[in-house]
Amino acid sequence: MQRKHLITAAAAVLVTAGCATVSMVTPAQLDEQALALHREAFREQGIAKLDRIEQDLGQKACSSPNPPPDAVVQQIEAQALASVKWPTGGVYLGDWREGEKLAQNGRGMTWTDATADTKANGAQCYNCHQIDQKEISFGTIGPSLYNYGKLRGVKDVTDPAAAPIVQYTWAKLWNSKAYSACSNMPRFGHAKLLSEQQIRDVMALLLDPKSPVNQ
Amino acid sequence: MMNRRDLLSHSAKLAALLATTGLLPGVAHAAYNAAAFDAKTMADLMKALGAGTPTESKDVSITAPDIAENGAVVPVGASTALAGVRKLAILVEKNPAVLSALFEVTDSVDANMGTRVKMGQSSNVYAVAIMADGRVLYAMKEVKVTLGGCGG
Amino acid sequence: MKFIPLLAATAALLACGAVVSQTKTASDGIAEYRKMLEDGNPAELFEAKGEDLWKTARGPKKASLQACNLGLGPGVVKGAFVQLPRWFADTGRVQDLESRLLTCMETLQGFNAAEIAKTGFDKGEQATLTALSAWISSESRGMKMALPQAHAEERRFYELGKRAFFFRGGPMDFSCASCHGEDGKRIRLQDLPNLTKNPGDGLGFAAWPAYRVSSGEMWSMQRRLNDCYRQQRFPYPGYASDLTIALGVYMGVNAQGAQSIAPALKR
Amino acid sequence: MADPMRIRAQVSGDKATVRVLMSHEMETGLRKDSAGKLIPAWHIQDVTALHNGKVVMTAQWGPSVSKNPFLQFNVRGAKAGDKITITWKDNKGESRTDEATVS
């Protein structure tokens, strides 16, 4: 604990100078100090390198209890939508059984995980969403996805009438920020958390009329 | 509740006593029944215990939650108001070995034992009472084990 | 791609499917399970160990921690926990319980605090810190969180902690607020306290340290924060780093008035 | 040496409720360490309870009893001031005995 931080030292000077209050430190200065605190606190461990605390536009803009200005929101959403990689050969759906396994799996990308390969990752869906009604242990940070395809009238995913919802769902999974700049949901495709095939499998869980989600 | 310091010093004396005698005072302990703890089914277990066929009984109670937030710690109790109980056992059907705990009861305690067990998955849990007259009675309850937390 | 915004709106309208009534039953079941475990929290085993460690002469200087000042004067343990983190004049720092214990272990007992901070959880003197925090927190059980905010540094740390709480990063864009920024949310079946305000008695900051049923381990607040950052997919936060202390100030001050039940029993 | 148990023995009516917490890993023998090697089983096998020196209950436990085990039972006829003694022994031959006074 011998480490004396520059900022702490600077603040100590303010204190000894007397009549120090937080109001003397401007919000902008506090922002800078908080960033410095992050850089000072973290060290890399396993696959979790220090670049993980370097924020991109959206992460930075959404790091406050208040939403970013409209112009920034639009910029983030436009960038996110442009980043979406559409599925090779136009094949949107995989196997819902694999999708269910991925939805159940909350693992991957922590410093205790051996590899950042998408094969080691789950999609963590049940952490935040209700999906198959049989699973009673589901989170509520996101909306219920039970009957996701059925509620949206998807009876045949190859039907052109279903295309808009199929494509929306793909983009939402690939980069959730395309429709909500500060969405709590990870950017599964964009951040390389899941492979194209894994996203297809999750798509099938949500949209395949045979999936238990749509019964 | 007794003072912790007293407890420590007292148990130190006790431990010293045990060390010198090499025996527990007045304990005639049955040898550990390894076969019983290896049993994969209720039938195998009864064989290992030399007990008869179990029958379900309203006179035996099992206390366990409907849902366990975590399978690592599931509170389970076995009890009966019947007289003449020799043993009470707690079983988890889908565990690698069914028997978790086996209690030898005397007339000096209630036939009412509570402990906590690990469950690998949702399963039926049994409380079994082995009676002095040879009857083997049980109660059963299903406990759902849920996945929890972030899961990473 | 023109169709997408329109569809997004439609999808958003449809997004709020009904959460079935089964949910209530499941939550009731969990509540029943927790109630059954209330009596006999293994944290007691660690409290006993911590009390012993506090009173035993240890370290290169063969001294106990009984002269350690946790903020209410040397040797005063009762009530100290609910006023931490706070500013300490002798170190010129805002310190949480574990940071302060490191200071005492170094100055009174002659341990190397930096070495202990680098040690993995549950190993060597880290196990000592866990037991100590279990006991020290138990000495304030039932008291209300009352972190001081009189010193400018305490107020500055609150502001820094608030920023840390909302800081999004990592491959999944998570911040503390992703899970603990709203009322009434759950991960799986676990209720998530809203830590941007007082979440209520014995919830959030007022529940740690706690015995973790899932791992069978006693977790201090530092360990709790460490695992939050792990699950946020962040890099590894330094033990008792100013960042983690600032988070403690933010959550502790928000929880002002909440009754502490630490050390609690958690999933 | 193993850490001490926590024993609470409280009179309720004509009996005393005994609650015990033991400090033990209760390793199942089925888990693997980070290197993929099986961690050997290590668990309490025998538990004995004495009331004023007389055996009132014995138990045998398998590895599926939870880590840091909890045990609760009622001793008939136990009064304030009586002694309750608990001993456990594990499969490595280690043991621990602690005593509490009924209150």
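Below, all heavy atoms of this structure are taken into account, side chains as well, without hydrogens, waters or symmetry copies. The chains referred to below are lettered A, B, ... by the order of the sequence lines, with proteins before strands, and numbering in each begins at 1.
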*Asks:* Testing the basics here: between D:Ala9 and D:Ile84, what is the closest heavy-atom pair and its distance to 0.1 Å?
*Replies:*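 Closest heavy-atom pair between D:Ala9 and D:Ile84: CB-CG1, 4.0 Å.
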*Asks:* Checking an interface table here. Which of residues 67-82 of chain D come within a heavy-atom distance under 4.5 Å of chain B?
*Replies:*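 Heavy-atom contacts from residues 67-82 of chain D to chain B are D:Lys67, D:Phe70, D:Leu71, D:Gln72, D:Phe73, D:Asn74, D:Val75, D:Arg76.
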*Asks:* Between B:Leu99 and chain D, with a heavy-atom cut-off of 4.5 Å, which part of the residue counts as in contact: side chain, backbone, both or neither?
*Replies:*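 Backbone of B:Leu99 only, per the 4.5 Å heavy-atom cut-off to chain D.
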*Asks:* Checking side chain to side chain contact (heavy atoms under 4.5 Å, CB included) between D:Asp90 and each of D:His24, D:Gln45, D:Glu27, which is the one that passes?
*Replies:*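 Running side chain to side chain contact (heavy atoms under 4.5 Å, CB included) over D:His24, D:Gln45, D:Glu27 with D:Asp90 returns exactly one hit, D:His24.
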*Asks:* Taking all heavy atoms of B:Val76 and all of B:Ala64, pick out the closest pair and write down the distance.
*Replies:*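 Scanning both residues, the minimum pair turns out to be CG2-CB, 4.4 Å.
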*Asks:* Using a 4.5 angstrom heavy-atom cutoff, name the option from B:Val117, B:Thr115, B:Asp110, B:Thr106 with the most pairs to chain D.
*Replies:*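 Counting heavy-atom pairs under 4.5 Å, the top option is B:Asp110.
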*Asks:* I want to know whether D:Trp61 and D:His43 have ring centres closer than 6.0 Å.
*Replies:*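 So the answer is no for these two rings.
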*Asks:* Could you tell me which portion of B:Val74 (side chain, backbone, both or neither) has an atom closer than 4.5 angstrom to a non-hydrogen atom of chain D?
*Replies:*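 Contact with chain D: backbone only.
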*Asks:* Run the salt bridge (charged side-chain N to carboxylate O under 4.0 Å, His left out) test against B:Glu93 and tell me which residues pass, sequence neighbours left out.
*Replies:*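 With neighbours one apart ignored, the set is empty.
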*Asks:* Quick one: what part of B:Pro96 sits under 4.5 Å from any heavy atom of chain D, side chain, backbone, both or neither?
*Replies:*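 Interface part for B:Pro96: side chain.
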*Asks:* So among D:Val20, D:Val65, D:Ile86, which one has a side chain to side chain contact (heavy atoms under 4.5 Å, CB included) with D:Val47?
*Replies:*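 Of the listed options, the one satisfying the test is D:Ile86.
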*Asks:* Between B:Asp38 and chain D, with a heavy-atom cut-off of 4.5 Å, which part of the residue counts as in contact: side chain, backbone, both or neither?
*Replies:*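 Looking at B:Asp38, nothing touches chain D.
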*Asks:* Relative to chain D, which segment of B:Asn95 carries a heavy atom at a distance below 4.5 Å: side chain, backbone, both, or neither?
*Replies:*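 Side chain only.
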*Asks:* Name all residues meeting the ring-ring contact (aromatic ring centres under 6.0 Å, His included) criterion together with D:His51; count only those two or more places apart in sequence or in a different chain, and write none if there are none.
*Replies:*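 For D:His51, no residue satisfies ring-ring contact (aromatic ring centres under 6.0 Å, His included) once neighbours in sequence are set aside.
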*Asks:* Sequence neighbours left out, what passes side-chain contact (heavy atoms from CB on, under 4.5 Å) with D:Asp14? Give chain and number order.
*Replies:*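 In terms of side-chain contact (heavy atoms from CB on, under 4.5 Å), with neighbours along the sequence ignored, D:Asp14 is linked to no residue.
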*Asks:* Any chance the side chains of D:Gln10 and D:Ser103 put a donor and an acceptor closer than 3.5 Å?
*Replies:*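 No, D:Ser103 and D:Gln10 have no side-chain donor paired with an acceptor closer than 3.5 Å.
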*Asks:* Under a 4.5 Å heavy-atom cut-off, does chain B meet the side chain of D:Lys15, its backbone, both or neither?
*Replies:*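 Only the side chain of D:Lys15 comes within 4.5 Å of chain B.
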*Asks:* Within the 3.5 Å criterion, strictly below it, is a donor on D:Trp88 or D:Asp46 matched to an acceptor on the partner's side chain?
*Replies:*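 Checked: D:Trp88/D:Asp46 side chains show no N/O donor-acceptor pair below 3.5 Å.
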*Asks:* Given 3.5 Å as the limit, does a donor-acceptor pair link the side chain of B:Thr80 with the main chain of B:Asp59, or not?
*Replies:*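 Yes.
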*Asks:* Just give me the residue among B:Asn112, B:Leu102, B:Val105 that pairs up with chain D most often, heavy atom to heavy atom, under 4.5 Å.
*Replies:*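 The answer is B:Leu102.
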*Asks:* Below 4.5 Å, heavy-atom pairs only: which of D:Ala49, D:Ala16, D:Gly62 has the largest tally toward chain B?
*Replies:*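 When all of D:Ala49, D:Ala16, D:Gly62 are compared, D:Gly62 has the most.
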*Asks:* With a 4.5 angstrom heavy-atom cut-off, could you sort out which part of B:Ala36 is near chain D: side chain, backbone, both or neither?
*Replies:*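 It is neither, since no heavy atom gets under 4.5 Å.
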*Asks:* Report the option among B:Glu104, B:Lys87, B:Met119, B:Met113 that has the most heavy-atom pairs separated by less than 4.5 Å from atoms of chain D.
*Replies:*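 Of the candidates given, the most pairs with chain D belong to B:Glu104.
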